[in-house]
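This report refers to the structure that appears directly beneath it.
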Amino acid sequence: MPELPEVETIAARLRKGGRNHASTPPLLGKRIISAQVFWERTLAEPTLEKFKQKISGQLIREISRRGKFLLMDVSGETLLIHLRMSGDLLVETDDKLLSTYYRMVLSFEDGIRLALNDPRKFARVWLTANPDALLSHLGPEPLAADFAPDLFYRRLVARRRQLKPLLMDQSFLAGLGNIYTDEALHQAGLHPQRISTSLDIRDAERLWMSIRHVLKEGIRRNGASIDWVYRGGDFQNYFRVYQRNGEPCPVCDTPIQRITVGQRGTHFCPQCQRLEE
DNA sequence: CACGAGACCTGTTCGC
DNA sequence: TGCGAACAGGTCTCGT
């Protein structure tokens, strides 16, 4: 489910509380009373015993995001959550029933709970004093002020790879997944299988702009909500190519095509995104 | 180094 | 209707 805009939306909701439809209290400044883990592999680090003991009584001091990781600072340590394919975080009160797909629940003071809902069980949670061990391999934040187009160009031509798998490589750039990569490449008019070294500075600048534009739009729409994992965003209504195979390209009306690139379903316009000039 | 296949998981949708 | 295959917003590890 979650790429950068979805994780950013969730982080903001946990920080400030839910706005629009679902009104939930902020977790910032709240104290954790206890933890329950229903699928052991969800907890990557430390052991279940140590985790329960260390997390109890902790105050949430800060909530942030790096790439697709959600970070919650507690005293001396950081709680990191990666939602992978089907994870979601729900804030609720403890008179609600636990869902079958809850893999971990943190109970806060005032009867508030944070539930990690994750049907496919891919999500992972870490509690560590050294979050950099997990985060240091990540590439730049695409929305950061110091992520400049010329830096992006240099990184692109430093490797010889197809654009789509390269953009989704978290060590190259942190935060893009299948949806936003397809959308950004379409907007930039670049074929997903175009080789990175073949780009000139103008191509790179266009792609830089498209990536940032698409991510900002995603955040503005509170992320995308598709399938049965609904979370309140509506960016799915603004997809130009993702899961729109057969539908007309919004730019030129050519039917959108679906191919497989790097084992991932890939959507593009064969007219706007040509392999060779 | 780059790439493909297979794992990890469960649920939905599609095709016969 | 039923049943298997394909597919799903991610990442890791292994072999070539």
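Quick note on labels: first sequence line is chain A, next is B, and so on, each numbered from 1. Worth saying up front: this structure is predicted, and the values here are computed from it rather than measured. Any value given below was found using the heavy atoms of this structure, including those in side chains, with hydrogens, waters and symmetry copies removed.
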Worked check of salt bridge (Lys or Arg N to Asp or Glu O under 4.0 Å) between A/D118 and A/K121: CA-CA 5 Å; A/D118 182 29; A/K121 302 177 173 173; over 6 Å; no
A/R84 vs C/dC12: side-chain N/O to OP1/OP2 distance below 4.0 Å: no
5' precedence on DNA chain C between A/H82 and A/Q243 (nearest-nucleotide basis): A/Q243
A/I179 CD1 to C/dG10 C1', straight-line distance once rounded to whole Å: 12 Å
B/dC3 OP1/OP2 closer than 4.0 Å to side-chain N/O of A/Q162: no
Gap between atoms CG and P, on A/D88 and B/dC9 respectively (whole Å): 20 Å
Side-chain N or O of A/K68 closer than 4.0 Å to phosphate OP1/OP2 of C/dT11: yes
Under 4.0 angstrom between A/R161 side-chain N/O and B/dC3 OP1 or OP2: yes
Proximal nucleotide (of B/dC3, B/dT10, B/dA5) relative to the A/Y101 side chain: B/dT10
Distance between P atoms of C/dG9 and B/dC14 (Å, rounded): 15 Å
C/dG10 pairs with, by Watson-Crick or G-U criteria that keep both distances under 3.5 Å: B/dC8
Aromatic contact, A/Y242 with A/F235 (centres under 6.0 Å): no
Ring-on-base stacking C/dT11 with A/F122 (under 5.5 Å, under 30°): no
A/H213 backbone acceptor or donor facing A/E217 side chain under 3.5 Å: no
Length of the line joining A/M168:CE and B/dC3:P, which is rounded to integer Å: 14 Å
Row check, A/Y238 ring normal vs A/R221 NZ/CZ: under 6.0 Å, within 45°: yes
Backbone of A/G233 reached by a side-chain donor or acceptor of A/S225 within 3.5 Å: yes
Phosphate contact (C/dG9 OP1 or OP2) by A/Y180 side-chain N/O below 4.0 Å: no
5' precedence on DNA chain B between A/Q263 and A/R159 (nearest-nucleotide basis): A/R159
Residue-phosphate contact under 4.0 Å: A/R258 side-chain N/O, C/dA8 OP1/OP2: yes
N/O (side chain, A/R120) to phosphate O (OP1/OP2, C/dA8) under 4.0 Å: no
Side-chain donor/acceptor contact of A/R160 with base of B/dA2 under 3.5 Å: no
